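Everything below concerns the one structure shown next.
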Number of protein chains: 2
Amino acid sequence: MVRQPQINAQNRAPLSIERIIEAALQIVDGQGLSRLTMRRLGDALEVEAMAIYHHLPRGKEQLLDGLVMHVAAAPADAAADADLRDWARGYRARLLAHAGVLPLLVTRRNPAALATTVASLREVLRRGAVPEDVAAVTAHTLLGYVIGHAALEVRGTEEDGADRTVDWDARFAAGLDLVLRAA
Amino acid sequence: MVRQPQINAQNRAPLSIERIIEAALQIVDGQGLSRLTMRRLGDALEVEAMAIYHHLPRGKEQLLDGLVMHVAAAPADAAADADLRDWARGYRARLLAHAGVLPLLVTRRNPAALATTVASLREVLRRGAVPEDVAAVTAHTLLGYVIGHAALEVRGTEEDGADRTVDWDARFAAGLDLVLRAA
DNA sequence: ACCTGAACACCGTTCAAGT
DNA sequence: ACCTGAACACCGTTCAAGT
């Protein structure tokens, strides 16, 4: 019986930041943000909670920043011919897939994560040969719209103020047209 | 020496939901959301924390809902001739004045609070004689933009991706033009 | 280097008791 | 009716100790 070198004495793969973030994301997506505790995260990783601090010295703050970073990172498969509409659709899908992280992403002061997102959006604008000053406004307007709309979708019910069922996909597309028509 | 009727045996005004919400808002705006604890709130009200539960039986959940409701409520002084631009500016100012509540407002499932906001926005659209189907899209698009942009302002630094200082007021106004030009 | 166990200073909340 | 005191089951985190 050959023992793998990366298996330690307790016969488990050692902890890593990646595994910790992944497990945390699973808890948040499955049970909600309020259920993410260091002790529960430790359980999920089959480790005492205190072991996590060895990999994340800044503790829970660093864990939450890691979650935001993970969701804020640009979709890896951003095709070279993706336009603004594709980018917005992709980013919205990402936000809704990790709706539990949205409160963190929306309001934690995390310039690095925000910069990553803006950079990927700016890259799309650059490929579209949009002038620099227009691009700055467009980037923030579009990003604001996508984030804000995702928040509405998470907050809202299926009714709008006029007692009609809301098709959020269609509503998002219509708003996107509105924002991009002028851009 | 005349004793006011609303002064109780301990010589203090009795607790009320309004006073509790107001004190909570003061803590959140001054020290941040994470500093809002039932015990600290009790201290601020010169009362044991447990007294709060007599007025808010659902406890902290109800307290947070109350904060969201307070910020989401339409500005009382909405002038009869206010247009969409005025509404958006007023709502943004409200969000930024209570930036600490933003994470709650953005993502707590609170249909009542959202409905209140949408209703006040719809009222402005109605005065502008905007057709019903257009109004539905415009309301969500504009609201999404305002909320999302406020979130960007809170998250961001004074730098944007191109290393230029961002004038958030001007940036908001420019994006607002973009959104409203098409509407 | 990596993890554990016990401990500390907090939380939100319940519940019986006081006035 | 309104508030208090003590208690319970949790938190995040520190720190000495184990391997």
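What you see is a predicted model, and the numbers here were worked out from it, not measured in a lab. Chain letters run A, B, ... following the sequence lines, proteins first, then strands; residues in each count from 1.
Of the possible polar contacts, none joining the B:Arg155 side chain to the A:Pro111 backbone as a donor-acceptor pair under 3.5 Å is found.
Computed from coordinates, the A:Arg58 CZ to D:dT14 C1' distance equals 17 Å when rounded to whole Å. Rounding to whole angstrom units, CD of residue B:Gln62 and C1' of C:dT13 are separated by 14 Å. A:Glu48 has its CD atom 15 Å from the P atom of C:dA7, to the nearest Å. B:Ile52 places its CD1 atom 17 Å from the C1' atom of D:dA1, with the value rounded to the nearest Å. Atoms NZ (B:Lys60) and P (D:dC11) sit 15 Å apart, rounded to a whole Å. The separation between B:Leu56 atom CG and C:dG12 atom P is 13 Å, rounded to whole Å. The CD-C1' distance, from B:Glu46 to D:dC3, rounds to 14 Å in whole Å. Counting to the nearest Å, the P atom of D:dT14 and the OH atom of A:Tyr53 are 7 Å from each other.
Ring geometry, B:Trp87 versus B:Tyr91: the interplanar angle falls under 30°, so the pair is classed parallel (tilted spans 30 to 60°).
Pair assignment for C:dA6: D:dT14, on the basis of Watson-Crick or G-U wobble contacts that are both within less than 3.5 Å. Nucleotide D:dA1 has C:dT19 as its partner under the Watson-Crick or G-U criteria, with both atom distances under 3.5 Å.
With a 4.5 Å cut-off on side-chain heavy atoms, B:Leu63 and B:Leu41 count as touching.
Along DNA chain C, the nucleotide closest to A:Ala51 and the one closest to A:Arg39 are compared, and the more 5′ of them pairs with A:Ala51. A residue-by-residue look at A:Thr37 and B:His54 shows that B:His54 has its nearest nucleotide of DNA chain D further toward the 5' end.
Contacts of B:Met38 with the nucleic acid, taken as non-hydrogen atoms under 4.0 Å apart, involve only primed sugar atoms and P, OP1 or OP2.
Between the CD atom in B:Glu18 and the NE2 atom in B:His70 there is a gap of 10.5 Å [rounded to 0.5 Å]. In this structure, CG in A:Leu121 is found 8.5 Å from OG1 in A:Thr138, a value given to the nearest 0.5 Å.
For B:Arg40, no side-chain nitrogen or oxygen approaches OP1 or OP2 of C:dC10 to under 4.0 Å. OP1 or OP2 of D:dC3 lies within a sub-4.0 Å distance of a side-chain N or O belonging to B:His55.
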